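Only one structure is covered here, and it is reproduced in the block below.
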2 protein chains.
Amino acid sequence: MVQKSKKPPSAAKIEAPVAPKRRGRPRAYEPEVALGKALDLFRRDGFAATSLDDLSAATGMNRPSLYGAFGDKRELYIKSYQRYRDDARAAMVDIFRADAPLRERLERIYRIALDIYLSGESGPRGCFTVMTAASEAVSDPGIRTMVVEGLTELDKAFGICFRHAKERGELPEGADPASLAHLASATIHTIAIRARARVPRKELEAIVKGALDVLCAAK
Amino acid sequence: MVQKSKKPPSAAKIEAPVAPKRRGRPRAYEPEVALGKALDLFRRDGFAATSLDDLSAATGMNRPSLYGAFGDKRELYIKSYQRYRDDARAAMVDIFRADAPLRERLERIYRIALDIYLSGESGPRGCFTVMTAASEAVSDPGIRTMVVEGLTELDKAFGICFRHAKERGELPEGADPASLAHLASATIHTIAIRARARVPRKELEAIVKGALDVLCAAK
DNA sequence: ACTTTTTTGTACCATTTCGCATTTAATTCC
DNA sequence: GGAATTAAATGCGAAATGGTACAAAAAAGT
């Protein structure tokens with residue numbers, strides 16, 4: 001289970017054209033898509049309620065293959081969570097880095113967040129961190145570390161946003177970027193929770209709008 | 001499972017002195033404390049990860065008794081959640097109704113919330129609604145309804161707070177109580193999540209302070 | 001004392017769960 | 001074509017799970 005070259009699926013097309021000429025029987029699954037399916041399940045049902053049979057059915061891999069590819073259930077869960085965070089980060093990083101007015105950046109961030117939280121065939125899926133990972137965090141130090149990392153990463157990204165906006169004069173002198181960032185994160189969290197309770201998108205958008213009205217004019 | 005007189009445990013001492021002279025073998029457990037133990041378990045581990053054996057061990061009741069007293073696992077979960085909400089409401093309702101300055105009322109609310117979320121022998125327990133009920137909400141309409149009720153109840157309580165404060169002139173003219181209430185709820189939620197990830201109380205208090213600085217001076 | 005009522009405690013059942021051992025299939029290297 | 005290698009497929013097994021049947025126990029009513 002060392003899995004060397006896995007990160008660059010785009011660069012892979014350059015370095016390893018298509019067939020790396022592996023030695024034995026070829027895999028009948030693509031690890032990336034299988035992990036995506038596993039992620040969907042874990043995200044919907046949580047760790048305990050997701051059985052290996054469910055995962056096996058969803059990924060199309062039988063249990064031994066699953067085990068061989070990703071390790072045991074906990075490892076698969078962690079890899080799923082890692083994948084979720086990578087995806088979420090990838091979807092937001094450009095916006096966080098973009099050079100746009102504060103309000104516009106925030107609006108785009110929340111639009112992406114809503115897309116992520118509300119998607120899903122069998123109901124809105126919410127946020128992996130908030131809905132299932134935080135629950136596991138009490139008893140599993142490894143997962144806890146990941147959760148804390150995720151939370152602080154979001155805080156920091158928002159913090160940079162607000163600090164930047166303050167430097168540009170978009171915020172009053174007295175505004176505290178750190179506090180505003182925490183409130184922005186909190187809005188992400190409250191939206192994730194409400195989405196999971198099937199609160200309609202319209203309402204969530206209204207909550208976001210109200211929050212932005214406060215945060216973009218604060219103090 | 002009709003359970004008539006159950007709500008007034010204090011008034012019970014007046015109406016039913018001690019022994020209502022029930023007919024058969026007396027119960028070896030007190031339903032209220034047993035439900036409290038069940039609540040603790042569900043809150044820590046969630047619905048799926050809590051087994052009837054665990055519940056049986058924690059409550060001291062064997063499974064048939066559990067079943068007879070509270071119904072099946074899902075019913076017990078719902079009753080636990082109901083109990084949690086009752087307790088939380090009871091702990092906060094006086095403060096919400098109190099006639100004190102905005103900031104002081106909010107500070108007291110958040111102090112209570114932190115007490116609730118951080119307590120627990122085997123680590124901080126977080127918020128039942130946020131940590132486990134919201135997860136179940138996607139697939140269980142009954143639980144979803146309760147979650148939505150709980151969320152809007154909190155929104156409303158905060159809303160009354162801010163509206164009241166605005167009428168008193170504690171907030172600027174342009175302030176929108178509803179938006180501020182949602183941000184106050186969001187702060188509750190973010191704190192519940194972070195508590196679960198074992199973020200120390202000091203940090204959570206700092207987040208609350210920052211939020212109050214913004215909310216009590218907004219717009 | 002004996003019946004009735006309510007609860008406890010033991011034991012059980014069918015199912016599900018995770019994990020693995022073993023066999024079979026597909027591919028490359030020689 | 002045959003050995004080597006890698007993965008799939010089957011299926012086993014021990015443990016745990018939710019739920020229940022049934023007998024023993026403890027109280028009140030008669």
Side-chain angles (χ1 to χ4, degrees), chain A residues 1-6 16-35 37-38 41-42 45-80 136 139-140, chain B residues 1-6 16-35 37-38 41-42 44-80 136 139-140 143:
Chain A
M1 276 1 70
V2 190
Q3 51 187 22
K4 303 156 199 172
S5 62
K6 212 177 173 186
V18 150
K21 286 294 180 189
R22 297 175 53 85
R23 193 74 156 64
R25 176 173 178 169
R27 282 192 285 224
Y29 59 91
E30 291 173 71
E32 295 297 327
V33 312
L35 190 58
K37 300 283 188 185
L41 274 199
F42 276 133
D45 299 332
F47 178 78
T50 303
S51 74
L52 286 187
D53 280 339
D54 296 336
L55 292 164
S56 176
T59 58
M61 304 163 64
N62 39 38
R63 276 200 308 269
S65 296
L66 258 181
Y67 203 81
F70 302 110
D72 70 2
K73 194 182 172 185
R74 181 175 168 279
E75 283 183 81
L76 178 52
Y77 178 84
I78 289 182
K79 292 194 170 91
S80 298
E136 306 299 324
S139 51
D140 189 314
Chain B
M1 275 357 71
V2 190
Q3 49 184 29
K4 304 156 199 172
S5 64
K6 212 178 171 185
V18 149
K21 286 293 182 191
R22 298 175 51 86
R23 193 77 155 65
R25 175 172 180 170
R27 281 194 284 226
Y29 59 91
E30 292 173 70
E32 295 297 327
V33 312
L35 190 57
K37 299 284 189 185
L41 274 198
F42 276 133
R44 193 187 63 191
D45 298 333
F47 177 78
T50 303
S51 73
L52 286 186
D53 279 339
D54 296 336
L55 292 164
S56 177
T59 58
M61 304 162 65
N62 41 37
R63 267 184 317 215
S65 295
L66 258 181
Y67 203 80
F70 302 110
D72 70 2
K73 193 182 173 185
R74 181 174 167 277
E75 283 183 82
L76 177 52
Y77 178 84
I78 289 182
K79 291 194 170 91
S80 297
E136 305 300 324
S139 50
D140 190 313
I143 296 175

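Residue numbering restarts at 1 for every chain, and letters A, B, ... go by the order of the sequence lines. Note that this is a predicted model, so its numbers are computed, not measured.
When the side chain to side chain contact (heavy atoms under 4.5 Å, CB included) test is applied to A:Ile78, the partners found at least two apart in sequence or on another chain are A:Arg74, A:Gln82, A:Ile143, A:Met146.
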Check: When you check every protein heavy atom under 4.0 Å of nucleotides 20-29 of chain C, what one-letter string (B, S, -) results, 5' to 3'?
Finding: BB---BBBBS
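Counting heavy atoms from C-beta outward, A:Arg63 and A:Leu55 have side chains that stay 4.5 Å or more apart. Between A:Tyr67 and A:Leu52 there is no side-chain heavy-atom pair separated by less than 4.5 Å. A heavy-atom distance below 4.5 Å is found between the side chains of A:Leu76 and A:Leu35.
In this model, the phosphate group of C:dT8 is approached by a side-chain N or O of B:Ser65 to a distance below 4.0 Å at OP1 or OP2.
Within residues 48-56 of chain B, the residues having any heavy atom closer than 4.0 Å to DNA chain D are, in order of number, B:Thr50, B:Ser51, B:Leu52, B:Asp53.
To the nearest 0.5 Å, atoms NZ (B:Lys37) and OH (B:Tyr29) are separated by 16.0 Å. B:Ser139 contributes atom OG, which lies 6.5 Å from atom CG of A:Asp45 (distance to the nearest 0.5 angstrom). Rounded to the nearest 0.5 angstrom, A:Met61 CE and A:Leu66 CG are separated by 4.5 Å.
We find that CG of A:Asp72 is positioned 14 Å from C1' of C:dT17, with the value rounded to whole Å. With rounding to whole Å, A:Leu76 atom CG is found 11 Å from C:dC18 atom P. The CG-P distance, from A:Leu66 to D:dA9, rounds to 12 Å in whole Å. In this structure, the CG atom of B:Asn62 is 15 Å from the P atom of D:dG18, given to the nearest Å.
At distances below 3.5 Å, at least one donor-acceptor pair connects side-chain atoms of B:Lys73 with backbone N or O atoms of B:Phe47.
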